[in-house]
Amino acid sequence: MEDFLIALVIIAFVLFNLSRSKLLVMAIKGLFMTKDERQRLDTFYNKHFIFYKQLPEKSKSRFLYRTHSILQEIRILGRHGFTVTPEVRQFVVGSMVQLTLGLEFYTLPRFKTVLIYPDSFLSPFTGKRHDGEVNPRGIVVLSWKRFCKGYEDSTDALNLGLHEMSHALMLTIKYSNRKDNNIDKRLNAVLNLAEIERKNVIDNPNHLFREYAGLNAAEFFAVSVENFFEKPKEFKAELPALYHQLVKLLNQDPSLL
Ligand SMILES: [Zn+2]
């Protein structure tokens, strides 16, 4: 009887401490998505995310589970009078989940704050007007006008949300100790190919990727991701080696959707 009581106290102690773990709370909240919530998110993403609409049922469930989980804890704040509605939150988190759907550690853990301006904003770092910015301290900054444009046309390889989330993913891989299946090595394989292709972007004005990709490795990576999701078939046909490395890195293949 005494052993039983001791075991009970230990179990209670362990459960109490686990319940205080933020990750566990988030996982539990994510698990318990109500039918209504699931329906609401499914309707929203079917309407606004062609990527989601094309996913097989199993991947749709994963997408919804992940968006629901992240929505519980992300901080999204409006700037210059911008009002953050539930739809705004769903858009931003949808962009994060689209990029990281194939990855095991998917929440871009450093990036828990997103600031949204109605339009382009003056960057305190460069003194210039920007549409998006990623601060390595864990903040993503977006112009809402440009973000929406990205999802209005999902075949022009211009998507601010995916672009900025790609910067966030690169920084996450660089700074995180949790290596999702050698993700750092997979990123390096992409960057090695990117360095060769970047010169072709600079030399060839008719390159599949827009000129901005020639700027540096980080911008090349972000523009590659925009093409990966919005022009997957052209990308795969024109730059098969780079496309293949991105499939391996992100563990998903939009050309098959
Ligand atoms: Zn960029």
Side-chain angles (χ1 to χ4, degrees), residues 49-54 94-103 108 119-121 123 125-126 128-134 136 140-143 145-174 183-257:
F49 276 63
I50 287 176
F51 171 79
Y52 176 81
K53 205 174 172 181
Q54 293 171 331
S95 185
M96 278 181 165
V97 172
Q98 178 175 354
L99 175 66
T100 56
L101 191 65
L103 304 177
L108 300 177
D119 204 339
S120 61
F121 53 87
S123 165
F125 301 105
T126 64
K128 292 178 183 166
R129 295 198 78 79
H130 288 202
D131 287 315
E133 198 167 82
V134 172
V140 177
V141 192
L142 301 167
S143 143
K145 191 176 170 186
R146 189 55 73 96
F147 182 95
C148 289
K149 268 192 165 177
Y151 280 97
E152 277 163 19
D153 183 342
S154 56
T155 58
D156 62 357
L158 283 171
N159 186 306
L160 179 76
L162 290 172
H163 182 103
E164 300 306 329
M165 296 312 167
S166 303
H167 288 319
L169 178 63
M170 246 181 103
L171 291 168
T172 302
I173 296 169
K174 191 174 167 190
I183 196 166
D184 49 340
K185 292 192 179 72
R186 288 186 278 145
L187 175 64
N188 282 339
V190 171
L191 295 179
N192 288 338
L193 282 178
E195 213 30 50
I196 302 164
E197 198 54 43
R198 197 162 70 81
K199 294 184 182 75
N200 295 335
V201 174
I202 297 166
D203 293 341
N204 177 9
N206 298 318
H207 196 282
L208 175 69
F209 293 178
R210 67 182 194 270
E211 196 187 348
Y212 193 58
L215 198 62
N216 56 45
E219 297 310 334
F220 185 94
F221 177 69
V223 174
S224 302
V225 167
E226 290 175 271
N227 280 274
F228 184 73
F229 284 104
E230 299 209 338
K231 288 186 174 177
K233 291 191 170 73
E234 292 101 310
F235 186 171
K236 194 178 184 177
E238 285 192 34
L239 304 165
L242 183 61
Y243 186 86
H244 179 66
Q245 286 301 340
L246 268 173
V247 168
K248 280 172 82 173
L249 171 68
L250 297 174
N251 194 29
Q252 57 173 321
D253 186 349
S255 75
L256 304 177
L257 294 176

Test side-chain hydrogen bond (donor to acceptor under 3.5 Å, both in side chains) applied to K236 - qualifying residues, sequence neighbours left out: S255
Compare all side-chain heavy atoms of [X] with those of [Y] and state whether any distance is below 4.5 angstrom.
X	Y	value
F49	V97	no
N159	S154	no
H244	K248	yes
V223	H163	yes

Considering all heavy atoms, the nearest [X]-[Y] contact:
X	Y	value
L162	S95	N-OG, 3.4 Å
P136	L171	CA-CD1, 4.0 Å
Q252	L101	NE2-N, 4.0 Å
D131	S120	OD1-CB, 3.4 Å
A217	E195	CB-OE1, 4.2 Å
L242	S224	CD2-OG, 4.3 Å

Atom [atom1] of [X] and atom [atom2] of [Y]: how far apart are they, to the nearest 0.5 Å?
X	Y	atom1	atom2	result
F125	H130	CZ	NE2	10.0 Å
H167	E133	NE2	CD	10.0 Å
L158	N227	CG	CG	8.5 Å
E226	R210	CD	CZ	4.5 Å
L239	L208	CG	CG	6.0 Å
K53	L257	NZ	CG	13.5 Å

Reference residue L187; test side-chain contact (heavy atoms from CB on, under 4.5 Å); the match among I173, L169, N192, L246: I173
The single option from D153, D156, T155, I50 passing side-chain contact (heavy atoms from CB on, under 4.5 Å) against E230: D156
Flag if over 12 foreign heavy atoms under 6.0 Å of CD, E211: no
Within 6.0 Å of CZ in R186, more than 12 heavy atoms from elsewhere: yes
N-O pairing of K149 and E152 below 4.0 Å: no
Geometric class of the F235/F209 ring pair [parallel <30°, tilted 30-60°, perpendicular >60°]: perpendicular
Mutual orientation of the aromatic rings belonging to F147 and Y151 [parallel < 30°, tilted 30-60°, perpendicular > 60°]: tilted
Results of ring-ring contact (aromatic ring centres under 6.0 Å, His included) for F229 - residues two or more places apart only: F51
Test log, rule side-chain contact (heavy atoms from CB on, under 4.5 Å), inputs F220 and L191: CA-CA 9 Å; F220 185 94; L191 295 179; over 6 Å; no
Donor on one side chain, acceptor on other, E197 and N200, under 3.5 Å: yes
